[in-house]
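Just so you know, these numbers come straight off a predicted model, no measurement behind them. In this chain, numbering begins with 1 at the start of the sequence shown.
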Amino acid sequence: MAERRFEIGLLAGGKSSRFGSDKALAEIGGRTMLETLYDRFSVAGKVSVSVNHIDRYRGLSIPVSAFVPDVQPDIGPMEGLRRLLYQASTDYIFVTATDTPNVTPDVMRYLSGYLGSDVAGVVFRNGETIHPLTGFYHRDLAPLMDRAIAEGHYGVTRFICRQPVKQVAIEDTRFGAAALYNVNHRRDWRLLTGRRHVLCISGIKNSGKTTLIERLIPALKPFFPTIGVIKHDGHDFVMDYPGTDTSRYVAAGARQVGIFSAHRAAFLEMRPGRTEMDLLGMMPDCDLILLEGFKHHPYPKIEIVREGIGVTPVTDARHRLAIVTDIADFESAGPVLPLDDVERLAAFVYAQRTALIIEGQ
């Protein structure tokens, strides 16, 4: 018996506000999540992609004809579902969001076994949580979505709970909840890929590392929206003021002290042996982490060489991406950039972003 064929719809039109940038363009294994899912499902049927704006995806290896733009943007995935259903040529379409990169055609085929004349769709449930953005929908639901949207009801879960849409417990399947792993935040992506962008700003003492990092952060933010910084202190440091409540806790013998407000939080640990590796693991949301110092560590680095401070590089050239300097006509086997042009340096760092990736942090 021939396998039943369905059209597939990928939902890529979300705001990605918690992620900080378009999740569909986040890379896994050198390919964006959108391209990965498109390629994966193309062998199973015709694939269409719901998007807010086509322009941001034109550079991908997906034909422009596959994109289905929203007509009513900014009302959430209901609009994407509605548009996909209206352009479908099969009674049912299988949809999944591009931020669930573990979904496969096997998942689709499994769910298709629950389709029948008495159901308008099939979705997964994990415990009490319904996952409406991975499942089958009948195209006859499109006019009902029109009505819900006209009445100001944009929630997909609310909508399907009022329709004959079957819910299948994912925990009872061979796939398990991992099939619906959702990349909502940067830390979710880090856990999935095991990748971090790390760059050292190195140089001898008084070369201006802190000042360069301070000036470089604003220039880097268009490329890496969320930036972290780790500094190594070769002696010891004080992050608290004598007489504060937290300093009194430490003086009394507390090993760990935390403090938070509505806008910030801090954590102080009185424990020897910590390294930058531990702190890297505490920054899962950062697109880029800058390390100040670490001139003898094998991280990718930019070295500062300044007139009157030290004219000979001290870092290993194998790990050095470039030298930034205020010395005219400075000679080096690698790239040399002006110390005072942080915009140019930021663009250079972004161009070298693949060299900044370290695994498993």
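Looking only at side-chain heavy atoms (C-beta outward), Ser48 and Leu10 stay at 4.5 Å or farther from each other. Two residues are said to be in side-chain contact when any heavy atoms from C-beta on lie closer than 4.5 Å; Met270 and Gln256 fail this criterion. In this structure, Val122 and Leu115 have side chains that are in contact, with non-hydrogen atoms separated by less than 4.5 Å. Side-chain contact between Arg248 and Asp245 is present, with heavy atoms from C-beta onward closer than 4.5 Å. Contact of the Tyr57 side chain with the Ile62 side chain is not registered, since no non-hydrogen atoms from C-beta on lie closer than 4.5 Å. Residues Lys295 and Cys200 are not in side-chain contact: their nearest non-hydrogen atoms beyond the backbone lie 4.5 Å or more apart. Considering only heavy atoms from C-beta on, Ile93 stays 4.5 Å or farther from Phe6 through its side chain. At a threshold of 4.5 Å between non-hydrogen side-chain atoms, the residues Arg125 and Ile170 do not count as touching.
At distances below 3.5 Å, at least one donor-acceptor pair connects side-chain atoms of Asp278 with backbone N or O atoms of Thr275. With Glu151 contributing its side chain and Ala148 its backbone, the two residues share no donor-acceptor pair below 3.5 Å. A donor-acceptor distance shorter than 3.5 angstrom exists from the side chain of Arg5 to the backbone of Ala44, with no hydrogens or angles considered. A donor-acceptor distance shorter than 3.5 angstrom exists from the side chain of Asp341 to the backbone of Arg344, with no hydrogens or angles considered. Side-chain N or O atoms of Arg162 include one that pairs as donor or acceptor with a backbone N or O of Arg158 at under 3.5 Å.
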Which side-chain N or O atoms in residues 211-234 pair as donor and acceptor under 3.5 Å with protein atoms at least two apart or in another chain?
{"unit_1": "Arg215", "atom_1": "NH2", "unit_2": "Asp340", "atom_2": "O", "d": "3.1"}
{"unit_1": "Lys221", "atom_1": "NZ", "unit_2": "Pro225", "atom_2": "O", "d": "2.8"}
{"unit_1": "Lys231", "atom_1": "NZ", "unit_2": "Glu292", "atom_2": "OE2", "d": "2.7"}
{"unit_1": "Asp233", "atom_1": "OD1", "unit_2": "His235", "atom_2": "N", "d": "2.8"}

List, one per line, each side-chain donor-acceptor pair under 3.5 Å for residues 310-331, sequence neighbours excluded.
{"unit_1": "Thr315", "atom_1": "OG1", "unit_2": "Glu303", "atom_2": "OE1", "d": "2.5"}
{"unit_1": "Thr315", "atom_1": "OG1", "unit_2": "Arg320", "atom_2": "NH1", "d": "3.1"}
{"unit_1": "Asp316", "atom_1": "OD1", "unit_2": "Arg318", "atom_2": "N", "d": "2.9"}
{"unit_1": "Asp316", "atom_1": "OD1", "unit_2": "Arg318", "atom_2": "NE", "d": "3.2"}
{"unit_1": "Asp316", "atom_1": "OD2", "unit_2": "Arg318", "atom_2": "NE", "d": "3.0"}
{"unit_1": "Asp316", "atom_1": "OD2", "unit_2": "Arg318", "atom_2": "NH2", "d": "2.5"}
{"unit_1": "Arg320", "atom_1": "NH1", "unit_2": "Thr315", "atom_2": "O", "d": "2.9"}
{"unit_1": "Thr325", "atom_1": "OG1", "unit_2": "Val305", "atom_2": "O", "d": "2.6"}
{"unit_1": "Thr325", "atom_1": "OG1", "unit_2": "Ile327", "atom_2": "N", "d": "3.0"}
{"unit_1": "Asp326", "atom_1": "OD1", "unit_2": "Glu307", "atom_2": "N", "d": "2.8"}

Under the side-chain contact (heavy atoms from CB on, under 4.5 Å) criterion, do Phe159 and His153 qualify, and how do the steps go? CA-CA 8 Å; Phe159 175 80; His153 302 306; over 6 Å; no
Test side-chain contact (heavy atoms from CB on, under 4.5 Å) on Asn184 and Phe19 and set out the steps. CA-CA 6 Å; Asn184 265 324; Phe19 194 77; over 6 Å; no
Start with the C-alpha distance between Ser61 and Arg31, add both sets of side-chain angles, then the distance that settles side-chain hydrogen bond (donor to acceptor under 3.5 Å, both in side chains), and finish with yes or no. CA-CA 10 Å; Ser61 59; Arg31 299 276 285 168; 3.2 Å; yes
side-chain contact (heavy atoms from CB on, under 4.5 Å) for Ile130 and Val123? Distances and angles first, verdict last. CA-CA 8 Å; Ile130 299 172; Val123 298; 4.1 Å; yes
Can you list the steps and then say if Asp106 with Arg109 is a side-chain contact (heavy atoms from CB on, under 4.5 Å)? CA-CA 5 Å; Asp106 282 342; Arg109 285 187 280 269; 2.8 Å; yes
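Taking OG of Ser207 as the start and CG of Leu339 as the end, the distance is 9.0 Å to the nearest 0.5 Å. To the nearest 0.5 Å, atom CD of residue Gln163 and atom CE of residue Met145 are 8.0 Å apart. Residue Ile160 holds its CD1 atom at 6.0 Å from CD of Gln167, rounded to the nearest 0.5 Å. To the nearest 0.5 Å, atoms CD1 (Ile204) and CD1 (Ile304) are separated by 10.5 Å. In this structure, CG in Asp287 is found 12.0 Å from CG in Leu356, a value given to the nearest 0.5 Å. Here CZ of Arg82 is found 8.5 Å from CG of Asp70. Values are rounded to the nearest 0.5 Å.
Ring geometry for Tyr299 versus His297: interplanar angle under 30°, hence parallel rather than tilted (30 to 60°).
Applying the side chain to side chain contact (heavy atoms under 4.5 Å, CB included) rule to Arg83 yields the partners Val68, Pro69, Val71, Glu79; only residues at least two apart in sequence or on another chain are considered. Every residue was checked against the ring-ring contact (aromatic ring centres under 6.0 Å, His included) condition with His185, not counting sequence neighbours, and none meets it.
When all heavy atoms of Val103 and Ala179 are compared, the pair lying nearest together is CG2-O, 3.4 Å. Of all heavy-atom pairs spanning Thr32 and Ala24, the tightest one is CB-O, 3.4 Å. Closest approach of Ala120 to Val165, counting heavy atoms only: C-CG2, 4.4 Å. When all heavy atoms are compared, the tightest approach of Thr134 to Leu111 is O-CD1, 4.3 Å. Nearest heavy atoms, Arg40 versus Pro101: NH1-O, 2.6 Å. In terms of heavy atoms, Lys209 sits closest to Gly293 at CD-N, 4.1 Å.
Note: the hydrophobic cluster containing Val198 also contains Phe294 (ILVMFWY, side chain heavy atoms under 4.5 Å, direct or indirect links). Leu290 and Leu345 end up in the same hydrophobic cluster when Ile, Leu, Val, Met, Phe, Trp and Tyr side chains are linked at under 4.5 Å. Hydrophobic clustering (side-chain heavy atoms under 4.5 Å, transitive across Ile, Leu, Val, Met, Phe, Trp, Tyr) keeps Leu11 apart from Ile54. One hydrophobic cluster, built from ILVMFWY side chains closer than 4.5 Å, cannot hold both Met283 and Leu199; they sit in different ones. Grouping the Ile, Leu, Val, Met, Phe, Trp and Tyr side chains by contacts below 4.5 angstrom, directly or via other members, places Val95 apart from Val49.
Sorted by first and then second residue, the ring pair (Phe, Tyr, Trp, His ring centres under 6.0 Å) pairs with a member in residues 83-106 read Phe41-Phe94, Tyr92-His138, Phe94-Phe136; sequence neighbours excluded. Applying the ring pair (Phe, Tyr, Trp, His ring centres under 6.0 Å) test to every pair with at least one member in residues 114-135, sequence neighbours left out, gives these pairs: Tyr110-Tyr114.
With no hydrogens or angles considered, no side-chain donor-acceptor pair links Thr90 and Glu7 at under 3.5 Å.
More than 12 heavy atoms of other residues, nucleotides or ligands sit less than 6.0 Å from atom CZ of Arg58. Counted within 6.0 Å of CE on Met282, heavy atoms from surrounding residues, nucleotides or ligands total more than 12; the atom is thus considered enclosed. Within a 6.0 Å sphere centred on CZ of Arg56, other residues, nucleotides and ligands contribute more than 12 heavy atoms.
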